[in-house]
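This report concerns only the one structure given below.
First the proteins, then the strands, lettered A, B, ... as listed; each starts at 1.
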There are 2 protein chains.
Amino acid sequence: MAIASIKEVAQLASVSVGTVSNVLNRPDMVAPATRERVLNAMNELGFVRNESARALRSGRTRTMGLVVLDVTNPFFTDVAKGVEAAADASGMIITLCNSDQDGPRERRYLDYLEEQRVQGILITPVAGETQRLEQLIDRGTPVVLLDHRATRRNRCSAAVDDVLGGRIAVEHLLDQGHRRLAFVGGPMTISQVAERHKGAEEAVAEAGGEATLELVEVPSPSFASGRHAADRFAALPAGERPTALFCANDLLALGLMQGLQALGLRIPGDVALIGYDDIAYAAGAAVPLSSVRQPREELGRVAAELLLEEIDEGERHRHRQVLFEPELVIRESSVRS
Amino acid sequence: MAIASIKEVAQLASVSVGTVSNVLNRPDMVAPATRERVLNAMNELGFVRNESARALRSGRTRTMGLVVLDVTNPFFTDVAKGVEAAADASGMIITLCNSDQDGPRERRYLDYLEEQRVQGILITPVAGETQRLEQLIDRGTPVVLLDHRATRRNRCSAAVDDVLGGRIAVEHLLDQGHRRLAFVGGPMTISQVAERHKGAEEAVAEAGGEATLELVEVPSPSFASGRHAADRFAALPAGERPTALFCANDLLALGLMQGLQALGLRIPGDVALIGYDDIAYAAGAAVPLSSVRQPREELGRVAAELLLEEIDEGERHRHRQVLFEPELVIRESSVRS
DNA sequence: GCAGGGGAATGAAACGTTTCAGCCGCCTGG
DNA sequence: CCAGGCGGCTGAAACGTTTCATTCCCCTGC
């Protein structure tokens, strides 16, 4: 059952192991006839390279780690697609890890990735888990932040301007005449959530006067949390309800929409709704959902390219922080009829 | 920048490398005082185990591969979650690969996984790519089919009865009084698609009489294909249009719904619609989508457990084929008003 | 007082590659 | 005819672990 090794191939082809290795890694350094012989031996024995031995000896692997907050969120799978495309183009392989917004889980994955000696790591970190990353960098594993701005200058990042995104979402709601607004999102420790909220606050502040922004904090930016939030909203006396809700992401917004409709509230009539990410399902929702679009695949692609660059350049690499601009997508859910 | 090895740790702690290895793998075989000393040395040096060396020497890794057809399909991410949960419980790590329904791509990933000497592979194979799997099994890598029935008895599988699923979907449409039906899906080489279609045909045949089932083949069971299919549908003279559409999956159904509505057709008034998978977004669609629910997470969990079992039992393992039953979920999109 | 046992640690082999210095023959140019 | 060069190959070291036979001591029981 054991797979043939280079040594057995060498024996069968009557060459040295060095030659077999050369056939594998620098085929043109070996004479065509010999190469042929070796190749045949490989086929006959069903030879499969042992990546562990290769990595051990050469000191380099061909894998990069990607750690996301939630694999079931289409935002992240789209980003992952972009990452994969870029990696693929450079012959790299991605190990996709799902931290599920859990610190210990994230740490376990990072441990694993470091033990694997991955060439680099792309990560949307769980709130506050920055120390472990610092450690990775110190020990020589390049880390690129994904959908998260690098505050220190010692790493690369690819992100979208969430403050701006929050701002344009709320400006749009204000334009529609809403004055009593709420931001639905959480936990506020997630930087994306906090920044979107900040942008929202800024927009409200600048609008001056009577506009207000309430904060409806939810335990996680998920579909289920959205449904729960609907109950809390409906429990408010009609007079105290905000007239427009800005959700930290589309999952939340879609869950909220479903909950609100189940309770008999109309969108946008009773309450306007806008989400964030513009995932594919936003446009096809019961009421087409307005949202703030992020360049998801591009975000992933650029992040991966930054990492590949860093891996390639080594010591002389200059860290870069790439920031994309989000784009407002207006649909029915936020438009006054 | 190079990470400290076991040797340096041994030196600093004034013990042999064997002892350091024991601290790592059989801590209770080493005296507490020594253990402490070694642990301190590890901390001081920032020691990180080298998984390649470990795997090379011990001959076993702690990773399993998961190959899916489309990471952006929520069905698969839900399945992946189940797989991960089971793997996690056994201290295993999952490498998630996305074949994107592309044969060569799938083969590249399988090569990679075999070179990594993963302990086993969970896969929803691309149509017809069975030869490579046979090879993997022959060489000793256990393979469990996921969402795909094993026809040969030489492997385990966890799947849902797609023929039955197709049948109940269509029986429901017939119940609603529809007689002119169409199955929207493709490519028919995907076994899930073919089986759902088969179930649909059976139901129509048994209904006897005037009921008909047209086949609308699309290039892939995706959102985009659904949108395109809508145009084709609308291009038919009104008299020749089916009155009910059964889609091979929800992505397709949601895309189709969006396309049909954009063309001014009403659901279910002008045409009834039913999907497959019951992904989270089905219930929140413009018109809540009827669907055939599969136990997604459980499917993943059970598949992973089968694989773990096989890894554990080795030679004396008996292959098992687990088959789940799908469940009809009726919502507005298929109900005659 | 001694044989025997057992807990704790050692040292070296082995895993399957890559890498590199060196060797061998043959060809070329002077 | 010979020096030099070069293409093609060999052989062995090295990568960082795990594993196992072996050694070393100290303790126990007779």
Side-chain angles (χ1 to χ4, degrees), chain A residues 1-39 41-42 45-63 111-112 114-119 139-140, chain B residues 1-39 41-42 45-63 111-112 114-119 139-140:
Chain A
M1 204 80 346
I3 293 180
S5 76
I6 233 183
K7 204 187 292 185
E8 306 172 55
V9 172
Q11 200 159 12
L12 181 58
S14 321
V15 295
S16 70
V17 293
T19 301
V20 177
S21 178
N22 279 336
V23 169
L24 248 20
N25 302 304
R26 321 196 218 8
D28 30 57
M29 285 207 57
V30 11
T34 322
R35 198 194 310 149
E36 208 54 37
R37 209 147 29 91
V38 171
L39 255 16
M42 284 183 178
L45 295 175
F47 171 77
V48 179
R49 235 196 194 132
N50 185 322
E51 179 74 16
S52 296
R54 180 180 169 66
L56 173 59
R57 168 62 231 217
S58 72
R60 81 178 82 263
T61 57
R62 48 203 177 104
T63 101
D111 288 351
Y112 173 75
E114 197 180 14
E115 289 177 8
Q116 294 271 352
R117 302 289 192 271
V118 293
Q119 292 297 97
R139 291 194 198 128
Chain B
M1 205 79 344
I3 292 180
S5 77
I6 233 183
K7 205 188 294 184
E8 305 171 57
V9 172
Q11 200 159 13
L12 181 57
S14 322
V15 296
S16 70
V17 293
T19 301
V20 177
S21 178
N22 279 335
V23 169
L24 248 19
N25 302 306
R26 320 198 217 8
D28 30 55
M29 285 208 56
V30 11
T34 323
R35 197 193 311 147
E36 207 54 36
R37 209 147 28 92
V38 171
L39 256 16
M42 283 182 177
L45 295 175
F47 171 78
V48 178
R49 239 197 191 128
N50 186 322
E51 179 76 16
S52 296
R54 180 180 170 65
L56 173 59
R57 169 61 229 216
S58 72
R60 81 179 82 263
T61 57
R62 48 203 177 103
T63 102
D111 288 350
Y112 174 75
E114 197 179 14
E115 288 177 9
Q116 293 270 353
R117 302 291 191 271
V118 293
Q119 292 298 97
R139 290 192 198 130

Hey, does the side chain of [X] come within less than 4.0 Å of [N]'s phosphate (OP1/OP2), counting only N and O?
X	N	result
Asn25(B)	dT18(D)	yes
Ser21(A)	dT18(C)	yes
Thr19(B)	dA9(C)	no
Arg54(A)	dT18(C)	yes

Tell me, do [X] and [Y] make a side-chain contact under 4.5 Å, heavy atoms counted?
X	Y	answer
Arg139(B)	Val48(A)	yes
Val30(A)	Val38(A)	no
Ile6(B)	Ser21(B)	yes
Thr61(A)	Gln116(B)	no

Measure from [atom1] on [X] to [atom2] on [N] and round the result to the nearest Å.
X	N	atom1	atom2	answer
Asn50(A)	dC15(D)	CG	P	18 Å
Arg117(B)	dG16(C)	CZ	P	9 Å
Asp28(B)	dG6(C)	CG	C1'	16 Å
Arg62(A)	dT18(C)	CZ	C1'	15 Å
Gln11(A)	dG11(D)	CD	C1'	15 Å
Arg60(B)	dC15(C)	CZ	C1'	13 Å
Arg37(B)	dA8(C)	CZ	P	14 Å
Ile6(B)	dA14(C)	CD1	P	19 Å

>> Heavy-atom nearest nucleotide on DNA chain C for Asn22(B) versus Ser58(B): which residue maps closer to 5'?
In response: Asn22(B)

> Taking for each residue the nucleotide of DNA chain C with the nearest heavy atom, is it Leu56(B) or Ser14(B) whose nucleotide lies nearer the 5' end?
Replying inline: Ser14(B)

> More than 12 non-hydrogen atoms from neighbouring residues, nucleotides or ligands closer than 6.0 Å to CD on Glu8(A), yes or no?
Replying inline: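 Atom CD in Glu8(A) is crowded, with more than 12 foreign heavy atoms closer than 6.0 Å.
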
Of the listed nucleotides [options], the one nearest the side chain of [X]:
X	options	result
Arg57(B)	dT10(C), dT18(C), dT17(D)	dT17(D)
Val30(A)	dA12(C), dA8(C), dC9(D)	dC9(D)
Arg49(A)	dG16(D), dG8(D), dT18(C)	dT18(C)

>> Over all strands shown, is Ser52(A) touching base, sugar-phosphate only, or nothing at heavy-atom distances under 4.0 angstrom?
In response: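 Touches nothing.
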
